[in-house]
Q: 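Below you'll find the structure I mean.
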Number of protein chains: 2
Amino acid sequence: MNNEFDNKLKSRNIKPTAMRELVLKVLTEQMTTISLPELEQKFDRADKATLYRTLKTFEESKLIHSVDDGSGAMKYAICQDSCHCNPEDLHVHFLCTKCKQTSCLSEIPVPEINLPDNFSFESVNMVVKGICSNCKK
Amino acid sequence: MNNEFDNKLKSRNIKPTAMRELVLKVLTEQMTTISLPELEQKFDRADKATLYRTLKTFEESKLIHSVDDGSGAMKYAICQDSCHCNPEDLHVHFLCTKCKQTSCLSEIPVPEINLPDNFSFESVNMVVKGICSNCKK
DNA sequence: AATTTTAATGCAACCGGGTTGCAAAGTTTA
DNA sequence: TAAACTTTGCAACCCGGTTGCATTAAAATT
């Protein structure tokens, strides 16, 4: 096989198996973030453990990033091409309390925080809750 | 019984049972946030469901607030007297990746975010990860 | 191409935090 | 004191996440 997904996987040194291409396809077409259980439902018959490990692999390779939106299930989203998952790539996430969708606000970087003396920064998770524009209509 | 905990509970219209006073005592003495499983361990024999419901009661009464620090377990901390859990009372939380303690950075308010058009704000969760000053020594 | 080596998959089982139903015990009210 | 209501303790369950292990598939080697 030789398509955009295949190439994207290869370029990150991930072996492009059929399963991985399918998962990458779903993640790419997904407008909002998606959880492992939700991902499972996208397939007629797919193993949770395999999907779980696929997501882990993708995350390690910085193909996707994860957000803990407090819903109980970790959410995953495709990283933008320019993303290296460095502090400066971190953006705010938004959880709509109506449609329950969590989306990347990719244009909104997480504000810098001046930590107290002798605290060092590693990363940050910022999730805003409210009503999204779709649900407001 | 008639002590500070008792009074605090009464002032929030929470019936001051023995269990609730003990839990409030633990939460008050606790320097960092605490999870339900951790709270359970503070007692020789206490029922998880009771503690769970106690925390829920306290949270509804805004005696405590909860933080999802991504560790898998929700963390709870006493609210400051001045806190009404309004947006302006929200502060940043810090999870130390070394000692695994999550603490309130009560002095650091969560920065305001300019949401995209037609998004409305309800609340926000912001957790910074890094090394705390204690572990830095 | 056949064999060996390595990696990915599928299945089952498990873990841990959270949550609920329900009966027993404890409180409050009449 | 009796009736009404609340809290507690126990058990069971749910669900997301995670791991061990045998099977299958892919890659490397001969």
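As the structure is a computational prediction, the values presented were derived from the model and not from experiment. Letters A, B, ... are given to chains in the order of the sequence lines, protein chains preceding strands, and every chain is numbered from 1.
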Q: Side chain of R53(B) only, please: which of dG10(C), dA8(C), dG21(C) is the nearest?
A: dG21(C)

Q: Choosing from dG9(D), dA12(C), dG18(C), which nucleotide comes nearest the side chain of T50(B)?
A: dG9(D)

Q: Can you figure out which of dG18(C), dT6(D), dG16(D) approaches the side chain of K15(B) most closely?
A: dT6(D)

Q: Atom CG of L9(B) to atom P of dT7(D): distance rounded to whole Å?
A: 12 Å

Q: Hey, is the side chain of K48(A) poking within less than 4.0 Å of OP1 or OP2 on dC11(C), counting only N and O atoms?
A: no

Q: Base, sugar-phosphate alone, or nothing: which one does K56(B) contact when heavy atoms must sit under 4.0 Å apart?
A: sugar-phosphate

Q: Check whether any side-chain N or O of E38(B) sits under 3.5 Å from a backbone N or O of S35(B) as a donor-acceptor pair, and report yes or no.
A: yes

Q: Just the rounded figure in Å: distance from C1' of dA27(D) to CD1 of I14(A).
A: 17 Å

Q: More 5' along DNA chain C: P16(B) or S35(B), using each one's nearest nucleotide?
A: S35(B)

Q: What is the distance from CD1 of I34(A) to P of dG16(D), rounded to the nearest Å?
A: 13 Å

Q: So if you build clusters from Ile, Leu, Val, Met, Phe, Trp, Tyr with side-chain heavy-atom gaps below 4.5 Å, do V26(A) and F5(A) land together?
A: yes

Q: Can a donor-acceptor pair be found, under 3.5 Å and without considering hydrogens, that links the side chain of R20(A) to the backbone of T54(A)?
A: no

Q: Send over the distance from E40(B) CD to dC15(C) P, rounded to a whole Å.
A: 16 Å

Q: Choose from dG9(D), dG17(D), dA8(C) the nucleotide whose nearest atom is closest to any side-chain atom of D47(B).
A: dG9(D)

Q: Rounded to whole angstroms, how far apart are NZ on K75(A) and P on dG16(D)?
A: 11 Å

Q: Go through dT8(D), dT20(C), dT9(C) for me and flag the one nearest to the R20(A) side chain.
A: dT9(C)

Q: Does E21(A) offer a backbone N or O that forms a donor-acceptor pair with the side chain of D6(A) under 3.5 Å?
A: no

Q: Would you say a side-chain N or O of Y52(B) is under 4.0 Å from OP1 or OP2 of dT19(C)?
A: yes

Q: In terms of the nearest nucleotide of DNA chain D, which residue is placed more toward the 5' end: A49(A) or P37(A)?
A: P37(A)

Q: Whole angstrom is fine here: how far is it from CG in L36(A) over to C1' in dC15(D)?
A: 11 Å

Q: Without hydrogens or angle criteria, can the side chains of N118(A) and S133(B) be said to hold a donor-acceptor pair below 3.5 Å?
A: no

Q: Without decimals, in angstroms, what is the distance between E59(A) CD and dT18(D) P?
A: 10 Å

Q: Expressed as a whole number of angstroms, how long is the span from L22(B):CG to dG9(D):C1'?
A: 16 Å

Q: Indicate whether OP1 or OP2 belonging to dT9(C) is found under 4.0 Å from a side-chain N or O atom of T17(A).
A: yes

